[in-house]
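Reviewing the structure listed below.
In this chain, numbering begins with 1 at the start of the sequence shown.
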Amino acid sequence: MATPHPLRDPEPATPEPTDSWVDRARSVLDAAAGLFDPAVVAGAAVETAWLAAHVATWPVGLVTGRGRVSEPAYRLEHLPPARRGLLVHDLEAAGTPILLVHGIVSNRSIFTLLRRGLTRRGFTNVFAMNYATVATDVRTAALRLAEEVEEVVAETGFERIHVIGHSLGGLIGRYYVTRLGGDARVHTLVTLGTPHQGTRAAYAVPTRLMEQMRPGSGLMRELDRPVHGCRTRFISYWSDTDVAIVPRRSAVLRHPDLRARNVRLHGAGHLTLPMLGEVVHGIGAALAQLDTDGSTVRSGATPLSPRD
């Protein structure tokens with residue numbers, strides 16, 4: 001697979017199509033109506049609380065470690081039932097490394113609850129990386145992710161891992177998988193509030209990184225190119241009240257060559273996505289299924305069929 005130059009768009013971005021006044025009016029009316037939804041009001045309150053918590057814990061993410069390789073658990077009686085069950089029934093699934101990739105203006109502290117939740121469910125090798133988001137772009141960050149993945153592979157001995165990306169982190173993961181051959185290493189890529197089709201909110205900040213996340217940018221067109229034979233499966237969580245993704249359904253992953261399951265959440269804010277119990281449970285259940293084609297490996301499990 002040919003790899004584009006990591007620091008240069010393949011061609012200039014095309015102008016964004018202009019919406020009619022009818023479409024804009026409908027969008028405004030839909031947004032106004034949503035403000036009275038109790039789930040939206042509650043979600044906004046939770047988002048505000050998590051924003052304050054993330055600001056408070058942000059410095060901690062700069063000094064905490066990315067994680068370490070866990071030793072095999074030879075004794076299980078001291079473990080909680082959920083963790084014990086995964087280790088007993090599928091040791092490979094429990095040991096397959098999980099690498100967490102944060103979004104813009106953030107660090108690994110955003111995954112504090114997700115890391116804890118996955119560990120409690122029996123996953124023994126959960127890592128989180130830090131990278132600079134201010135003076136970088138998606139392609140450069142994807143090269144950095146490739147290096148991190150190889151380090152995790154070397155440390156753990158597993159040839160394939162899972163990657164979970166929040167917001168920009170999911171876009172970086174997708175670029176690595178589909179444009180840099182990362183599907184050879186990544187079994188499952190989970191994205192949380194990722195602008196797969198770009199976001200108009202990126203027009204608010206005139207930086208190179210934000211330009212790449214605009215609808216119709218050179219990066220977005222590159223991601224839309226064919227990806228024949230991609231071995232990675234995709235799970236995309238998106239919220240109908242995510243103010244960072246405009247329009248909201250831009251976080252839905254649709255590509256003819258990618259096996260993707262889209263999971264819609266109602267009332268969840270952008271920062272809240274990695275902290276929701278529903279998300280932690282859903283990710284844990286999906287990563288416990290080490291299938292490659294989207295089907296399940298055990299009877300009674302929910303199939304990874306596309307839905308949104």
Any donor-acceptor N/O pair, R264 side chain to S239 backbone, under 3.5 Å:
no
Could you grab the distance from atom OG1 of T140 to atom CG of L145, nearest 0.5 Å is fine?
12.5 Å
Roughly how far, to the nearest 0.5 Å, is CZ of R214 from CG of L209?
10.5 Å
Between R116 (side chain only) and T112 (backbone N and O only), is there a donor and an acceptor less than 3.5 Å apart?
no
With a 4.5 Å cut-off on side-chain heavy atoms, are R225 and E222 touching?
yes
Result of checking E150, E147, E151, E159 against R185 for salt bridge (charged side-chain N to carboxylate O under 4.0 Å, His left out)
E150
Stepwise side chain to side chain contact (heavy atoms under 4.5 Å, CB included) check, R115 with L100:
CA-CA 8 Å; R115 293 178 74 170; L100 309 175; 3.2 Å; yes
With side chain to side chain contact (heavy atoms under 4.5 Å, CB included) as the criterion, how do L189 and T191 come out once you've worked through the C-alpha distance, each side chain's angles and the decisive distance to 0.1 Å?
CA-CA 6 Å; L189 173 63; T191 65; 4.1 Å; yes
Minimal heavy-atom distance between V138 and Q212, with the atoms involved, is N-OE1, 2.9 Å
Same cluster (ILVMFWY, side-chain, under 4.5 Å), F234 and I245
no
For the atom pair CG (N130) and OG (S106), what is the distance rounded to the nearest 0.5 Å?
8.5 Å
If you measure from CG on L223 to OH on Y175, what distance do you get to the nearest 0.5 Å?
7.5 Å
Any side-chain heavy atom of Y203 within less than 4.5 Å of one from P215?
yes
For the atom pair CD (E278) and OG1 (T272), what is the distance rounded to the nearest 0.5 Å?
12.5 Å
Heavy atoms, side chains only, cut-off 4.5 Å: are F123 and L287 in contact?
yes
Are the side chain of S250 and the backbone of T199 linked by a donor-acceptor contact shorter than 3.5 Å?
no
T156 side chain vs V152 backbone, donor-acceptor pair below 3.5 Å
yes
Working to the nearest 0.5 angstrom, can you tell me the gap between L192 CG and L271 CG?
11.5 Å
Indicate yes or no for a side-chain donor-acceptor contact from H166 to the backbone of I104 under 3.5 Å, with no hydrogens or angles considered.
no
Side chains of H187 and R233 in contact at under 4.5 Å (non-hydrogen atoms)
yes
Would you say F158 and I98 are hydrophobically clustered, going by side-chain heavy atoms of ILVMFWY under 4.5 Å?
no
Tell me if a side-chain donor or acceptor on S167 pairs with a main-chain N or O of T194 at a distance below 3.5 Å.
no
Those residues that, when tested against Y131, pass ring-ring contact (aromatic ring centres under 6.0 Å, His included) (two or more places apart)
H102
Counting N and O atoms only, with roles assigned by atom type, does the side chain of N125 sit under 3.5 Å from a partner on the main chain of P97, one being a donor and the other an acceptor?
no
Does H196 form a ring-ring contact (aromatic ring centres under 6.0 Å, His included) with H255? I'd like the steps, not just the answer.
CA-CA 10 Å; H196 288 292; H255 192 290; over 10 Å; no
I need the minimum non-hydrogen distance between V263 and I235, along with the two atoms involved.
CG2-CG2, 4.3 Å
Go through the steps for M220 and L171 under the test side chain to side chain contact (heavy atoms under 4.5 Å, CB included), then give the verdict.
CA-CA 10 Å; M220 292 299 161; L171 207 60; 3.8 Å; yes
Less than 4.5 Å apart, side chain to side chain, heavy atoms only: is that true for R139 and L219?
yes
In the structure I gave you, are the side-chain heavy atoms of T96 and H162 within less than 4.5 Å of one another anywhere?
yes
Going through the checks in order, is the side chain to side chain contact (heavy atoms under 4.5 Å, CB included) test met by L258 and T232?
CA-CA 8 Å; L258 303 180; T232 299; over 6 Å; no
Are any side-chain N or O atoms of T178 and backbone N or O atoms of R174, one a donor and one an acceptor, separated by less than 3.5 Å?
yes
For the residue pair L99 and I164, establish whether any side-chain heavy-atom pair is separated by less than 4.5 Å.
no
So which atom in R160 and which in V186 form the shortest heavy-atom distance, rounded to 0.1 Å?
NH2-O, 2.9 Å
State, yes or no, whether a side-chain contact exists between V101 and V163 at a heavy-atom distance under 4.5 Å.
yes
Which heavy atom of V280 sits nearest a heavy atom of P274, and at what distance?
CG2-O, 4.4 Å
Closest approach of S236 and A251, non-hydrogen atoms and distance?
OG-O, 2.8 Å
Nearest heavy atoms of A201 and V246, plus distance in Å:
N-CB, 4.3 Å
Evaluation steps, salt bridge (Lys or Arg N to Asp or Glu O under 4.0 Å), between R248 and D242
CA-CA 6 Å; R248 309 289 190 263; D242 188 340; over 6 Å; no
